Amino acid sequence: MPVNDDRKKLLVVDDIELNRVILTELFCDQFDVIEAENGQIALDYINQYGEQIAIVLLDIVMPVMDGFDVLHAMNETGLIKTVPVIMITGENDDEKSLMGYALGISDLVDKPFNSEIVYRRVNNVVDLYAHKHNLEQKLNEQKEMLEKQAAKLRQANQFVIDALSTTVEFRSLESGEHIQRVRVLVRILLEQAVKYYPLNQEMIIAVSSASAMHDIGKIAIPDSILLKPGKLTPEEFEIMKTHTIRGCEILDTLNYTQDQEYFSYCYEICRHHHERWDGRGYPDGLKGDEISIWAQAASLADVYDALTSKRVYKGAYTHDEAVSMILNGECGVFNPKLLECFLAVSGTLCEKITELH
């Protein structure tokens, strides 16, 4: 019979014409009723109309394709989760009933059926699915709203982080672009390091953001040391080294308890970005993978950018010179796996640094 695309559809699947006529007459005022005399025709309609079908009234024993085959097909496409099915059967068989429920039917009606009871049960199931759909839609809308709010909060947090970090950079008479470059370098390194470490994209984005905080402790270092154009004395270098600890003290006053994971990235990068793989770094003398991979990545990125940038105490080295110095251990010993990643993305690092300088 002709269908109206503006109304929800009810699909009656039964090889006995009289049963189809009874059910069609029962629901024709409420739905556009589609009739199918076997499972194959029913499946064609289901694939054609999908979620436009409000409910399927499905017989089990039919020629060509039976009701269980239809249920299997609906499970494969996932439509069984969004299109409810009431199984109508003349076989009083508990095993088949349980099989139907296992395949996702919402209800079961035995033949011969009472039309009034079928009418009420069908409407109950349709209303239940409509309510479920509305709830899911509202949940998705709320999730989308929360994600937008979280994105705005991350953006605001990033602005504060950049402002604080850039303040430190300007106090050091360095370009605020240093933190931008370190952030990009850390992301590139960690995206390559996923072959060795259990990192996902969300973690990589968070760590690259947190890397901007690596030198905030320098704000507590006296100008006479921080801005000294020549080599630091051993005593001055000991004071300079305290920027790792002073930075963590600053972070402790800013501890954002609602995101402990992000705070831990900031804290470990700030404290450990001068640790070295052989244990000869500072302030804690950590060795090997005692140093978090994010602190290691920030350390290597910081060293590479420092080498390729002009400072008050030195000129800028070329990319090739910086790579050679890092590989030769002139800047301390780094994780061999991370150095492998560094070499693999060396060309990309050079391009990015050139763009950002």
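Along the sequence shown, residues carry numbers from 1. A quick note: this is a predicted structure, and the numbers were derived from the prediction, not measured.
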TODO: Could you tell me if the ring centre of Tyr267 sits under 6.0 Å from that of His272?
DONE: no
- [ ] Measure the CG-NE2 distance between Asp215 and His274 for me, rounded to the nearest 0.5 Å.
- [x] 5.5 Å
Open item on the list: So for atom NZ, which belongs to Lys241, do other residues, nucleotides or ligands contribute more than 12 heavy atoms lying within a distance under 6.0 Å?
Closed with: yes
Task: Asp289 versus Gln296, side-chain donor and acceptor atoms under 3.5 Å - done: yes
- [ ] Measure from the side-chain N and O atoms of Asn75 to the backbone N and O of Leu103, and report whether any donor-acceptor pair falls under 3.5 Å.
- [x] yes
- [ ] Specify whether Phe27 and Tyr119 have parallel, tilted or perpendicular ring planes, treating 30° as the upper limit for parallel and 60° as the lower limit for perpendicular.
- [x] parallel
Open item on the list: We want to know whether Ser209 and Tyr262 form a side-chain donor-acceptor pair, criterion being a heavy-atom distance below 3.5 angstrom.
Closed with: yes
TODO: Give a yes or no answer on whether the side chain of His243 reaches the backbone of Met240 with a donor-acceptor pair at less than 3.5 Å.
DONE: yes
TODO: Ignoring hydrogens and angles, state whether a donor on the side chain of Ser309 or Arg181 is under 3.5 Å from an acceptor on the partner side chain.
DONE: yes
Open item on the list: Any donor-acceptor pair under 3.5 Å linking the side-chain atoms of His273 with those of Ser211?
Closed with: no
TODO: List the atom of His214, the atom of His178, and the distance in Å for their closest heavy-atom pair.
DONE: NE2-NE2, 3.3 Å
Open item on the list: Can you confirm whether Glu116 is buried at CD, in the sense that more than 12 heavy atoms of other residues, nucleotides or ligands lie under 6.0 Å from that atom?
Closed with: yes
Open item on the list: Once rounded to the nearest 0.5 Å, what's the spacing between atom CG of Leu199 and atom CG of Leu189?
Closed with: 11.5 Å
- [ ] May I ask you to decide whether Glu141 forms a salt bridge with Lys138, counting only side-chain N to carboxylate O separations under 4.0 Å?
- [x] no
- [ ] Look at the side chain of Asp284 and the backbone N and O of Leu286, then say whether any donor-acceptor pair between them is shorter than 3.5 Å.
- [x] no
TODO: For atom CZ of Phe68, decide whether the heavy atoms of other residues, nucleotides or ligands shown that lie under 6.0 angstrom number more than 12.
DONE: yes
Task: For Ser208 against Val186, the heavy-atom pair lying closest together - done: CA-CG1, 4.0 Å
Task: Taking every non-hydrogen atom, the tightest pair across Val126 and Ala54 - done: CG2-O, 4.2 Å
- [ ] Apply side chain to side chain contact (heavy atoms under 4.5 Å, CB included) to Thr233 and Lys228, showing your working.
- [x] CA-CA 10 Å; Thr233 66; Lys228 185 176 180 179; 3.9 Å; yes
Task: Flag if over 12 foreign heavy atoms under 6.0 Å of CD, Gln48 - done: yes
Task: Distance-only polar pair, side chains of Glu144 and Asn140, donor-acceptor under 3.5 Å - done: no
Task: Exercise: identify the closest heavy-atom pair between Leu343 and Val323 - done: CD2-CG1, 4.1 Å
Task: Which atom of Cys28 lies closest to which atom of Arg7, heavy atoms considered - done: O-NH2, 3.3 Å
Open item on the list: Quick check: Phe334 with Phe342 (ring centres under 6.0 Å apart)?
Closed with: no
Task: Exam field: side chain Lys287 to backbone Glu275, donor-acceptor pair closer than 3.5 Å - done: no
TODO: Please name the pair of heavy atoms, one in Ile269 and one in Val207, separated by the smallest distance, quoted to 0.1 Å.
DONE: CD1-O, 3.9 Å
Task: Pair Asp14 + Lys111: basic N to acidic O under 4.0 Å - done: yes
